[in-house]
Structures are given as C-alpha cells and as structure tokens.
Amino acid sequence: PGKGCHSCDAACSCGTKKAEPDVEKIVAEVTKKILEKDIIWAHGNPVFRFIITGKDQRGMEHSYENYVEFEKGNYNKQDDYAILSCTISRIPLGRYTISEKETLRYRFQDVTADTSNVQITGKDGIAVLDRENKTAKLTFTNIKTRYDGYSHTDMVKNIIPVKKTE
C-alpha cells in the first residue's frame, strides 16, 4: 500500500494514519445487585470493585478498574434488591474479561450477561467489543455472609490526568 491508502493499521509504514475507532463510545457497564435488607449502615458503605483485563484487536493488553459504593439514597431499587452501576469508557475494541474482586462481608452469588456480546464463564464475563457491539453489560449479584463484629469500608478514587505527547 502506498501513501494515502487507508487500508493499513493506524501506525502503518506508509505514513498515513487510518481513522481510529471512536473509543469514546466503547463502554463496559457493570451492575451490582445486593439485597437491600442486608445493608447495615453501621458496617460501613458496601463497596464492590471490578476489573476489566484483556487485549485490543492489535494484541495490546489493557486493564481497567472501577467500583460502586452503596450510600444512603444513591442506588436504585428493583424488587428486594439495591442496584448500582459503574461504567468504564474509552475501551479499545477487543476481547476482555470482566471480574469482581472479593469484598468484605459479601460473597459471589451470580453473574448474568445483559448484552449478547458477553459470555459468562464461572464468576467472570467475557466481553467482545467490536464495531457492531460497542457496549458490554453484565450484572453481579452478591449475598451477605457476615453480620458479626465491627468494620468500615470506604473508597478513595485518585484521578491522574495524562497529557498526550506528540
């Protein structure tokens, strides 16, 4: 291919950059469900952390983390459940494993795919993000297993701005 061909990779040898997929619109949405009656505010706010790892279409590895923190009045209700979601955006097209990290007082109960491009394997979801499927959604459900003692959970999110260098 020659100059201006647009048929090669974004960083190709012909010197012309092919348009990158609009990564701003590629997202994974993770939803957490817990029984509302199991929330005991004296134990601290229930916090659940998620990790997304995988490779983009070029084979480069990526890893993302996000969390939900249930606070009084910040969640939706569905039947007996408290529900809260977080979103990870700007994910390159590729194949990713979406997992939940262990947390205090709760244990894994179930995970369900909310979009057709997510397959469930054990306790994880495998999402394929491509030009036809730019959103992956799944729901993790946990059950409270410990009601004893005293503990508190909290989360601090550090945001580090990254500037592109040309």
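Only heavy atoms go into these numbers, but all of them, side chains included; no hydrogens, no water, no symmetry mates.
Of the possible donor and acceptor atoms, one in the side chain of Thr115 sits under 3.5 Å from a partner among the backbone N and O of Lys137. Between the side chain of Asp79 and the main chain of Tyr81, no donor-acceptor pair closer than 3.5 Å is present. Asn74 places a side-chain N or O within donor-acceptor distance of the main-chain N or O of Glu69, the cut-off being under 3.5 Å. Listed for the Thr103 side chain is a donor-acceptor partner under 3.5 Å among the backbone atoms of Val47.
Between Tyr64 and Phe50, the distance from one ring center to the other does not fall under 6.0 angstrom.
A 4.5 Å side-chain heavy-atom check between Thr31 and Leu84 finds every atom pair outside the cut-off. Side-chain contact between Ile126 and Arg95 is present, with heavy atoms from C-beta onward closer than 4.5 Å. When side chains are defined from C-beta on, Ile143 counts as touching Gln109, because their heavy atoms get closer than 4.5 Å. Using a 4.5 Å heavy-atom threshold, the side chains of Asn133 and Thr135 count as separate. No side-chain heavy atom of Ser89 sits under 4.5 Å from any side-chain heavy atom of Ile26. When side chains are defined from C-beta on, Ile98 counts as touching Val30, because their heavy atoms get closer than 4.5 Å. Under the 4.5 Å side-chain criterion, counting only non-hydrogen atoms from C-beta, Pro92 is in contact with His62. Looking at Thr145 and Arg105, their side chains never come closer than 4.5 Å, going by heavy atoms from C-beta outward.
Listed here is the closest heavy atom pair of Ser85 and Val68: C-CG1, 3.7 Å. Closest approach of Ile91 and Val27 over heavy atoms only: CD1-C, 4.4 Å. Here the shortest heavy-atom pairing between Leu129 and Gln57 reads O-NE2, 4.2 Å. A pairwise comparison of heavy atoms in Ile52 and Ala28 identifies CD1-CB, 3.6 Å as the closest pair. Nearest approach of Val118 to Ala127, heavy atoms of both residues: CG2-CB, 4.1 Å. For Ala113 against Leu138, the heavy-atom pair with the smallest separation is CA-CB, 4.3 Å.
Every salt bridge (Lys or Arg N to Asp or Glu O under 4.0 Å) that Glu36 has, sequence neighbours left out, goes to Lys77. Contacts of Tyr75 classified as ring pair (Phe, Tyr, Trp, His ring centres under 6.0 Å), with partners at least two apart in sequence or in another chain: Phe70. Looking at residues two or more places apart in sequence or on another chain, you find a side-chain contact (heavy atoms from CB on, under 4.5 Å) between Lys37 and Leu35.
By the rule that hydrophobic residues join a cluster once side-chain heavy atoms approach within less than 4.5 Å of another member, Val128 and Ile120 end up as members of separate clusters.
Here the straight-line distance linking atom NZ of Lys101 with atom OG of Ser99 works out to 10.0 Å at 0.5 Å rounding.
For Lys33, the NZ atom sits in a packed shell: over 12 heavy atoms of surrounding residues, nucleotides or ligands are nearer than 6.0 Å. The environment of CD in Gln119 is sparse: at most 12 heavy-atom neighbours from other residues, nucleotides or ligands sit within 6.0 Å. The number of heavy atoms from other shown groups lying within 6.0 Å of CG (Asp80) does not exceed 12.
The side chain to side chain contact (heavy atoms under 4.5 Å, CB included) test with Tyr96 singles out one residue from Asp56, Ile88, Ile51, and that residue is Asp56. Of the candidates Tyr106, Phe108, Phe140, Tyr106 is the only one forming a ring pair (Phe, Tyr, Trp, His ring centres under 6.0 Å) with Phe48. Checking Glu100, Arg49, Lys32 one by one against Tyr67, the side chain to side chain contact (heavy atoms under 4.5 Å, CB included) holds for a single residue, Arg49.
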| request: Might you work through the side chain to side chain donor-acceptor pair (under 3.5 Å) test for Asp114 and Thr139, ending with a clear yes or no? | output: CA-CA 7 Å; Asp114 299 328; Thr139 299; 2.5 Å; yes
| Can you check side-chain contact (heavy atoms from CB on, under 4.5 Å) on Ile40 and Lys144, steps first, answer last? | CA-CA 10 Å; Ile40 299 172; Lys144 192 163 190 175; 4.0 Å; yes
